[in-house]
Asker: 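Would you mind keeping the following structure in view while I ask a few things?
Since the model is a prediction, treat every value here as computed from it, not as a measurement.
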Amino acid sequence: MSSLLELRNVSKVYTKGLINAQPTVALRQMSLTLNEDEPTILTVAGESGSGKTTLAMLLLGFIDPTVGEILYKGKNIKSLTGEDRLAYRREVQAVFQDPFAVFNPFYKVDHLLTVPIRQFKLSKSKAETQDRIHEALTAVGLRPEDVLGRFPHQLSGGQRQRINVARALLLRPRLLIADEPVSMVDASLRANILETLRKLQRDYGVSIIYITHDLTTAFHIARSIVVLYRGGVMEAGDVDRVIKTPQHPYTQLLVDSIPWPNLDQQWGEHPIIAREAGGSDPGACPFMSRCPKAMDICKVRPPLYQLDRHQAAACYLHDKQAEVGDERLSDLLPV
Amino acid sequence: MVTLATSRSQANAVPQSTVAALEPSPVLSVENLEVTYYTDLGRARALDQVSFTLRAGQKLGMVGESGSGKSTLALAMMRMIKPPGRIEGGRVVIGGTDLIGLDEQGMRHARLNKIAYIPQGAMNSLNPVMRIGSQMVDAVKAHLPDEPRSAVQERCYHALRSVDLDPGVFRMYAHELSGGMKQRVCIAIGILLRPSVIIADEPTSALDVVTQRQVMETIDRVQDEINAAVILIGHDMGLMAQFVDAVAVMYAGRLVEISSVREMFTDPKHPYAQALISSLPNLDNKGVFKGIPGLAPSLLRLPSGCAFHPRCPNAMETCTAVSPDLLTLANNRRVACHLYDAETVS
Ligand SMILES: Nc1ncnc2c1ncn2[C@@H]1O[C@H](COP(=O)(O)OP(=O)(O)OP(=O)(O)O)[C@@H](O)[C@H]1O
Ligand SMILES: Nc1ncnc2c1ncn2[C@@H]1O[C@H](COP(=O)(O)OP(=O)(O)O)[C@@H](O)[C@H]1O
Ligand code: SF4
Ligand code: SF4
Ligand SMILES: [Mg+2]
Ligand SMILES: [Mg+2]
């Protein structure tokens, strides 16, 4: 088993905090391995500010870890040069969260799609370039003639979001990091795009990290899940287990907040305790200030406790179980 | 601590016909609204003869494929369509005034005052170098230039409190706020002048489920407070099921069905609405993706007759030739599909 991308005990701390002068731990001691020959779909879930985008940016090498290292095929991504660097840049692709932010308003859609093809020398002729672009656009449910030749502001939100997905598909990556790729399309199209992603994994061996707060789609597409809160792993394991029988109070709140398309299933049995603006005690369980079950011992951050071969939760309610070290996170995740 | 308010208008529980008899006149009436985008490649009819009405306190969900014209509808109602787009015709009547007939100054006054719009991606459009408070004060000043400073400030604080934000947010910058807080600031700005119609375009699609619940609850409460009609544009049918009273479905620039939320979820009429409902995920059918096959039509070259016919499992011969009108069925449901031509009432 050779690893494609590996996080080794990575932490990211932002020192010039945005709200107050306190440093923000955006990601805390994360270890994760994605193997080349075991393509999988892993969901990273959590509310906004939990560190999801930070994780994506680290994996893409857009920001540097404060502690720890990130390896691409065994080599630190910081030391990659030449061919290796180009391969990493092409094989690890992203679909970004916000379709309103990523586009340069002065370039037409065509530019956005031809640049990566040229940059990575993916096609031999103009005709081949066109074919590839048409294929990728059709795969995300767009008609080439509807979007080519247009400026970003002339497209709807969902169209822009899908251009992002098409761009990533063009490059035939090994690992796709998709940050909320379908939040702005309707249920039917969402199903189609997720099916495209799943085919990519099944037929082309592409691993996908699906970053989302949408646990319903996560459940349908992913094999495993990591639930983050304030940069720390709250719960991890098999997606079916974690979503159907969540064991961490935070995961329970998330699952309870899913707005089901069912009139007889009311939203949210549990009241929401709003998040306080400032940071809480950095040594405590990060969820403590909102946890309905908080106890005295929670003032010390709990480790992950193993509940099953493929499920673990960082919560003292489960302290009868064996502890799992942070570095063993990947063992909990089925592929 | 915030608990979820689930109070929806009681209209749902009462048969529509009795409600109709007691109904006050609508607060909003959109009549035959039409918008065209003139692109290099041709004319795209983004809104085609869109008509509907809303009562005070009512919540309407607006759903439909990406690109079907939902945001265009919102922009048209706000008279914010920019070239190459143009409003070709129709009326948007709020409290007896047709917005489409107003001059620029009259329309500027109506925005925020009669109708407020929280655009798609609104939270990213807050000015990064201006304090939240200044942005709010500017919005009020533009409409009420003579209101004394202290009253303006009180109005802003009140709006912030209405959306559960600490008045301290008044002094903050957008980057100091989380996504959910920014979205609530946008709602606060929207309700500063207590409009009678609020349009929220995908207000929570970038937010996590917990924050989403808080924001929707905020909209709910604010709506109760000012008794506004709300149009919620979005793709999340789950959110619709939990929040709105009625659902309108758009396809290729036309309204194809308007039904109460219960009827829409239990017995959708239009084949596109049926496909939309049956593609909804749940926790039982893991890995089953039932998207609607085929691509949304190009607005530049709409199929003849019913625009859905190339993808419709029920298409008949007339469908390729005759575009179906939005007709009224029993229970005051409205559907544009030839399958129901015979069931039309009145
Ligand atoms: N400024 C513009 N110039 C040309 N065409 C435009 C412009 N704005 C929107 N369109 C087109 O009009 C159609 C309707 O767009 P609109 O933004 O209303 O869709 P929407 O229903 O809100 O979609 P989404 O759910 O993806 O946001 C789309 O085909 C879009 O490409
Ligand atoms: N450039 C930055 N400077 C300072 N703090 C940041 C920066 N980017 C993110 N953060 C903080 O790091 C935490 C995690 O953010 P992020 O990874 O964007 O979360 P998510 O994607 O889960 O919403 C948040 O508290 C956020 O405010
Ligand atoms: S460790 Fe304590 S505070 Fe943290 S989730 Fe468990 S019970 Fe709640
Ligand atoms: S009018 Fe015909 S094609 Fe259109 S939705 Fe109805 S049955 Fe299908
Ligand atoms: Mg994010
Ligand atoms: Mg839109």
Asker: Is B:Arg161 atom CZ crowded by more than 12 heavy atoms from other residues, nucleotides or ligands, each under 6.0 Å away?
Answerer: yes
Asker: Find the distance between CG (A:Leu142) and OG (B:Ser298) and round it off to the nearest 0.5 Å.
Answerer: 11.5 Å
Asker: Is the number of heavy atoms from other residues, nucleotides or ligands within 6.0 Å of CZ (A:Arg202) greater than 12?
Answerer: yes
Asker: If you take all heavy atoms of A:Arg150 and B:Thr39, which pair is closest and at what distance?
Answerer: NH2-CG2, 4.3 Å
Asker: Working to the nearest 0.5 angstrom, can you tell me the gap between B:Gln212 CD and A:Ile258 CD1?
Answerer: 10.5 Å
Asker: Before you tell me yes or no, could you show the steps for B:Arg301 and A:Asp146 under salt bridge (Lys or Arg N to Asp or Glu O under 4.0 Å), namely the whole-Å CA-CA distance, both residues' side-chain angles and the distance that decides it to 0.1 Å?
Answerer: CA-CA 10 Å; B:Arg301 273 169 291 99; A:Asp146 273 359; 5.3 Å; no
Asker: Kindly give the heavy-atom pair with the smallest separation between A:Pro259 and B:Gln242, and that separation in Å.
Answerer: CB-CG, 3.9 Å
Asker: Which pair of non-hydrogen atoms, one from B:Ala241 and one from A:Trp260, has the smallest distance, and what is that distance?
Answerer: CB-O, 3.8 Å
Asker: Would you say B:Arg213 and A:Ser257 are linked by a side-chain donor-acceptor pair, where the criterion is simply a distance under 3.5 Å?
Answerer: yes
Asker: Looking at A:Asp203, I want to see if its CG is surrounded by more than 12 non-hydrogen atoms of other residues, nucleotides or ligands under 6.0 Å.
Answerer: yes
